[in-house]
There are 2 protein chains.
Amino acid sequence: MLNIGEAAKATGLPTKTVRYYAEIELVVPSGRSENGYRLYADTELSKLTFVRRARAFGFSVERCRELLSLYEDQNRSSANVKSIALRHLVEIEEKLADLQKLHAELSHLAQACHGDARPDCPILDSFAGPHSREE
Amino acid sequence: MLNIGEAAKATGLPTKTVRYYAEIELVVPSGRSENGYRLYADTELSKLTFVRRARAFGFSVERCRELLSLYEDQNRSSANVKSIALRHLVEIEEKLADLQKLHAELSHLAQACHGDARPDCPILDSFAGPHSREE
DNA sequence: TATAGACCTTCCAGTAACTGGAAGGTCAAG
DNA sequence: CTTGACCTTCCAGTTACTGGAAGGTCTATA
């Protein structure tokens, strides 16, 4: 049984985050020592690691909660997990498309900007212009 | 001089957001009517539009503040603006790379997952595994 | 004139997922 | 016995809004 600092080190999460996950009941410690320290057993270390990995994949904490309950469920089907993952993939693709569009437009503007001491700048000009959005 | 609702409509921003921008002194109304309503003149409408566009490009509100001061500055140089834009482009590229990596890994996992009633699932398996991160 | 509805005002609280800090208890080493 | 590194709780701040309540104002219509 590790206390919070050791559990943090073992799972690669900041101590504060582990405490936060306990508070929101995402991963609750297996118990407390007599002096009130949080104690983490192997099962909880696995869950913390699981959450760290899933978060790194961009899953929200609430998604992690779903995933964790499937992870814990001996009778889960892989279909459940896959559908959550696919849903998530769609979101990633949307963000990706937005960012790519943004990147293309902004780098175009930056290229058009001569970037010297003169005051006129195509970037600012494109931000100004007619008021209402015409998308 | 437009009141807040009209200004919002004219610039394509939600009323709440316009009020928020006034509160954080990003774009302050040119005045108040006798009954206390915020009033927006043309200059402020331009600034609001400017901010909406810059925000759509992913610039943070604080970046917008920088940009806005350059925008207002008659003696600005385009170099200042360009350097902010380039800084921002680098950030976009980093996010893009992260997302692409994420997408590749997750779609690989989803493909490997048979997605039926069986409990074993490569996605969950990859989230579990050894504790400490080995990046 | 009454009243309905659509405006406007302020202030308070909540969102997501932490992070930082203060005040104080505990523990091991030198 | 003190120093430093732990741990605890609680409170506040972050980003950029968004929602809602309570209440004032304006305009049209019956």
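Chain A is the first sequence line, chain B the second, and so forth, proteins listed ahead of strands; every chain is numbered from 1.
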Run the salt-bridge test on [X] and [Y] with the 4.0 Å N-O cut-off and return the result as yes or no.
{"X": "B/Arg65", "Y": "B/Glu25", "answer": "no"}
{"X": "A/Arg38", "Y": "A/Glu44", "answer": "no"}
{"X": "B/Glu66", "Y": "B/Arg87", "answer": "yes"}

Report which part of the nucleic acid [X] touches: base, sugar-phosphate, or nothing (heavy-atom distance under 4.0 Å, all strands).
{"X": "B/Ile24", "value": "nothing"}
{"X": "B/Ser60", "value": "sugar-phosphate"}
{"X": "B/Arg19", "value": "base"}

With a 4.0 Å cutoff (strictly under), does any side-chain N or O of [X] reach OP1 or OP2 of [N]?
{"X": "A/Asn35", "N": "C/dC27", "value": "yes"}
{"X": "A/Arg32", "N": "D/dC7", "value": "no"}
{"X": "B/Thr17", "N": "D/dA16", "value": "no"}

Which nucleotide wins on minimum distance to the side chain of [X], given the candidates [options]?
{"X": "B/Arg38", "options": "C/dT10, C/dA17, D/dC17", "value": "C/dT10"}
{"X": "B/Asn3", "options": "C/dA17, C/dC8, D/dC17", "value": "C/dC8"}
{"X": "B/Tyr37", "options": "C/dT19, D/dC26, D/dA16", "value": "D/dC26"}

| said: For B/His114, I'd like to know if atom NE2 has over 12 heavy atoms of other residues, nucleotides or ligands within 6.0 Å. | reply: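 Yes, enclosed.
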
| If you pin B/Phe59 and A/Glu6 to their nearest nucleotides in DNA chain D, which one's is more 5'? | A/Glu6

Figure out the [atom1]/[atom2] separation between [X] and [N], and round it to whole Å.
{"X": "A/Leu39", "N": "D/dC6", "atom1": "CG", "atom2": "P", "result": "17 Å"}
{"X": "B/Glu23", "N": "D/dT18", "atom1": "CD", "atom2": "C1'", "result": "12 Å"}
{"X": "A/Arg63", "N": "C/dA17", "atom1": "CZ", "atom2": "C1'", "result": "16 Å"}
{"X": "B/Leu48", "N": "D/dC17", "atom1": "CG", "atom2": "P", "result": "12 Å"}
{"X": "A/Tyr20", "N": "C/dT15", "atom1": "OH", "atom2": "C1'", "result": "11 Å"}
{"X": "B/Leu2", "N": "C/dC8", "atom1": "CG", "atom2": "P", "result": "11 Å"}
{"X": "B/Glu25", "N": "D/dC17", "atom1": "CD", "atom2": "P", "result": "16 Å"}
{"X": "B/Leu26", "N": "D/dA16", "atom1": "CG", "atom2": "P", "result": "10 Å"}

| For the residue pair B/Asp120 and A/Ser78, what are the closest heavy atoms and their distance? |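 Shortest heavy-atom separation between B/Asp120 and A/Ser78 comes out as O-CB, 3.6 Å.
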
| message | Closest-nucleotide mapping onto DNA chain C: is A/Glu34 or A/Lys16 further toward the 5' terminus? I mean the 5' end. | response |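 Nearer the 5' end of the strand: A/Lys16.
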
